[in-house]
There are 2 protein chains.
Amino acid sequence: MSEILYNNKRNNKWGVPMENSKNEKTYETLRDMIFNGDLKKGEKITETNLANTLGISRTPVREAIRRLEQEKLIDNNRIANPTERDYQDIFEMRILIEKFAVAKATQFFSPSDIEELENYVEIGYSGELEAKMDVNKSFHEKIVNGTKNKMMIEYFNQMQSIIYLFRKTVLSYKRPGLIDEHKEIVTAIKERDTERAEKLIVEHLKADLEFGLYYLRDDE
Amino acid sequence: MSEILYNNKRNNKWGVPMENSKNEKTYETLRDMIFNGDLKKGEKITETNLANTLGISRTPVREAIRRLEQEKLIDNNRIANPTERDYQDIFEMRILIEKFAVAKATQFFSPSDIEELENYVEIGYSGELEAKMDVNKSFHEKIVNGTKNKMMIEYFNQMQSIIYLFRKTVLSYKRPGLIDEHKEIVTAIKERDTERAEKLIVEHLKADLEFGLYYLRDDE
DNA sequence: TATCTCAAAAATGTATACAAATTATACTTA
DNA sequence: TAAGTATAATTTGTATACATTTTTGAGATA
């Protein structure tokens with residue numbers, strides 16, 4: 001399992017994320033248990049149980065659960081089992097943010113920013129499956145970070161957990177053309193062609209969703 | 001102080017918000033203390049102190065603080081003191097959402113939906129200051145709810161707390177033309193003129209922000 | 001005076017005990 | 001049998017005690 005942290009850590013006074021030790025670790029553990037299926041979709045959970053399983057008290061479990069509820073990985077004392085509609089909603093929101101972000105990118109990205117994106121494309125072609133997944137995330141993250149809008153970036157990051165679950169479920173990083181589309185987007189950014197970049201990223205995200213939903217429908 | 005609940009309640013299995021008693025009440029109390037200035041912007045807070053003040057244990061205070069952190073009303077053990085930049089970021093996000101939402105409204109709002117909006121405009125003209133504030137919120141909320149996108153609606157609601165703080169600080173509901181703009185937007189929706197409605201709401205929100213920032217600059 | 005060090009104080013993190021609420025189960029009754 | 005009801009079991013909410021970390025502040029030293 002990859003080491004990516006879809007994080008939401010609280011910051012200390014220097015703005016540096018701190019390890020709230022148990023709290024933080026519990027959150028990560030539970031999140032990973034959801035991702036890798038140790039905790040199954042729709043499964044009922046209790047604080048008591050999880051605390052026993054992890055050999056700690058309910059207090060840190062409680063806080064971890066609250067965070068996971070925030071990210072919609074837990075809902076109503078159950079492990080999330082997002083519906084098609086849930087995914088559509090998320091992608092609708094994502095499209096709004098990323099369309100805005102890519103426009104900023106065409107206006108403001110420096111050559112080195114663009115180089116970074118090209119690098120992700122490169123790895124997307126050549127890397128292992130695990131690397132592909134990471135790099136796909138980095139690609140979109142890089143673009144969204146370009147908004148420099150703290151709130152927007154935070155909301156985007158919060159959505160990552162569900163998006164990760166989606167990708168994992170439907171293996172959508174295997175979708176044909178995915179990296180080609182990334183490449184085209186970078187080209188549009190490079191050419192400072194805002195409208196084209198917007199159009200491309202919207203299509204890219206819609207294709208992603210459609211591909212995913214197609215396989216999701218078999219699963220359930 | 002108005003009774004509006006910028007809520008984020010957890011739901012029970014029937015989807016009905018439940019009163020987590022102390023937890024919920026503590027959240028509301030603290031939020032209102034922030035809104036009405038009992039807790040001042042930038043003021044340092046501690047769980048211990050608040051618990052003593054409210055005459056309860058730290059546990060529910062803790063959870064309430066977490067929720068307020070989520071809404072950015074508390075940050076880093078201090079009552080929030082948003083910067084101009086923070087407000088700009090929020091409005092950037094808001095514009096994205098509301099522009100999308102108003103487009104949906106022009107496409108899908110029924111006569112009775114539109115009537116509801118007209119009603120808010122009416123009260124906006126005739127009502128007391130308190131009512132004006134409520135109705136302004138209802139107006140925008142109605143439009144955003146029209147997206148029927150749960151995630152979008154939730155994020156929008158989360159932003160309401162900071163937006164409320166902003167309005168309260170700068171009395172932006174007193175802005176000249178505010179209700180006229182609402183009226184124009186309703187007209188555009190009624191005429192199913194998507195582009196015009198989008199344009200108007202974006203201008204409306206930008207004007208709101210500018211007006212607010214103008215007065216905010218004096219304050220600090 | 002400035003800043004450094006270290007102990008005391010205070011705050012937060014975590015565990016645990018108890019209370020209140022919810023859920024499950026066995027029994028009753030129609 | 002189905003539906004309802006009362007009680008037991010479980011679970012979550014809240015308080016409290018203790019552990020660990022962070023902050024404060026007094027005194028030492030340059």
Side-chain angles (χ1 to χ4, degrees), chain A residues 5 7-31 33-34 39-40 42-81, chain B residues 5 7-31 33-34 39-40 42-81:
Chain A
L5 295 185
N7 71 47
N8 240 333
K9 290 175 186 168
R10 293 173 64 222
N11 288 350
N12 63 17
K13 69 169 170 183
W14 302 281
V16 179
M18 56 184 179
E19 292 300 314
N20 273 38
S21 204
K22 284 243 176 67
N23 183 339
E24 179 68 22
K25 215 163 7 175
T26 305
Y27 159 73
E28 287 171 17
T29 304
L30 291 180
R31 185 200 53 193
M33 285 171 77
I34 295 172
L39 292 168
K40 291 193 215 348
E43 180 177 346
K44 176 149 200 183
I45 55 166
T46 67
E47 294 174 8
T48 318
N49 247 307
L50 292 177
N52 290 343
T53 306
L54 302 178
I56 58 179
S57 82
R58 273 171 55 215
T59 315
V61 172
R62 219 178 149 78
E63 302 221 349
I65 288 177
R66 292 291 181 275
R67 278 176 71 180
L68 293 164
E69 283 176 340
Q70 196 57 46
E71 296 176 11
K72 308 286 175 208
L73 247 30
I74 290 180
D75 186 54
N76 206 207
N77 308 318
R78 289 182 182 283
I79 303 304
N81 190 7
Chain B
L5 294 185
N7 72 43
N8 239 334
K9 291 175 188 168
R10 293 171 65 222
N11 288 352
N12 63 16
K13 69 170 169 181
W14 302 281
V16 179
M18 56 184 178
E19 293 298 314
N20 272 40
S21 202
K22 283 243 176 67
N23 184 340
E24 180 67 22
K25 213 160 13 173
T26 305
Y27 160 73
E28 287 172 17
T29 303
L30 291 180
R31 186 202 53 191
M33 286 171 77
I34 294 172
L39 292 168
K40 290 192 215 353
E43 181 177 345
K44 176 149 200 183
I45 54 165
T46 67
E47 293 174 8
T48 318
N49 250 307
L50 292 176
N52 290 342
T53 304
L54 301 178
I56 56 178
S57 82
R58 273 172 55 215
T59 316
V61 172
R62 221 179 148 78
E63 301 219 351
I65 288 176
R66 292 290 181 276
R67 278 176 71 180
L68 293 163
E69 283 176 341
Q70 198 55 46
E71 297 177 11
K72 306 291 176 206
L73 246 30
I74 290 180
D75 186 53
N76 206 206
N77 308 318
R78 289 182 182 282
I79 303 304
N81 190 7

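To find a chain, count down the sequence lines: A is the first, B the second, and so on, and within it residues start at 1.
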What's the [atom1]-[atom2] distance between [X] and [N], to the nearest Å?
X: A:I45; N: C:dT22; atom1: CD1; atom2: P; value: 18 Å
X: B:N77; N: C:dT12; atom1: CG; atom2: C1'; value: 9 Å
X: A:K25; N: D:dT20; atom1: NZ; atom2: C1'; value: 14 Å
X: B:E24; N: D:dT14; atom1: CD; atom2: C1'; value: 16 Å
X: A:R67; N: C:dG13; atom1: CZ; atom2: P; value: 12 Å
X: B:N49; N: D:dT23; atom1: CG; atom2: C1'; value: 14 Å
X: B:E63; N: D:dA15; atom1: CD; atom2: P; value: 12 Å
X: A:E47; N: C:dT14; atom1: CD; atom2: C1'; value: 14 Å

For the side chain of B:T59 and the base of D:dA15, is some donor closer than 3.5 Å to an acceptor across the two?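 Yes, a donor-acceptor pair under 3.5 Å.
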Between C:dA11, D:dT14, D:dT12, spot the one nearest the side chain of B:P60, thanks.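 Closest nucleotide among those given: D:dT14.
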Determine, for B:R67 against B:E28, whether the closest basic-nitrogen to carboxylate-oxygen distance falls under 4.0 angstrom.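 No salt bridge links B:R67 with B:E28.
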What are the residues of residues 51-58 of chain B, sorted by number, that bring a heavy atom to within less than 4.0 Å of DNA chain C?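 Close to the strand are B:R58.
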A:L50 to A:L39 - nearest heavy-atom pair and separation: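 Between these two residues, the closest heavy atoms are CD2-CD2, 4.3 Å.
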For B:V61 versus B:E47, what's the shortest heavy-atom pair and its separation?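 So the minimum-distance heavy-atom pair works out to CG1-O, 4.0 Å.
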Reckon B:T46 touches a base, only the sugar-phosphate, or nothing at all at heavy-atom distances under 4.0 Å?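 The answer is sugar-phosphate, as B:T46 gets under 4.0 Å only of primed atoms, P, OP1 or OP2.
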Within less than 4.0 Å of OP1 or OP2 of C:dA11, is there a side-chain N or O belonging to B:R62?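 No, outside the criterion.
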With a 4.0 Å cutoff (strictly under), does any side-chain N or O of A:K22 reach OP1 or OP2 of C:dA15?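 Checking C:dA15 against A:K22, a side-chain N or O does come within under 4.0 Å of OP1 or OP2.
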Kindly write out the residues that satisfy side chain to side chain contact (heavy atoms under 4.5 Å, CB included) with A:A80, not counting sequence neighbours, or none if the list is empty.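 So A:A80 forms a side chain to side chain contact (heavy atoms under 4.5 Å, CB included) with A:P82.
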Using side chain to side chain contact (heavy atoms under 4.5 Å, CB included) as the criterion, list what pairs up with B:T53, not counting sequence neighbours.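 Once residues adjacent in sequence are excluded, B:T53 has no partner under the side chain to side chain contact (heavy atoms under 4.5 Å, CB included) criterion.
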Main chain of A:G42, side chain of A:R78: is a donor-acceptor contact present, judged purely on distance under 3.5 Å?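 Such a contact is found between A:R78 side chain and A:G42 backbone.
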Which value, rounded to the nearest 0.5 Å, describes the distance between A:L54 atom CG and A:M33 atom CE?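 Rounded to the nearest 0.5 Å, the CG-CE separation comes to 6.0 Å.
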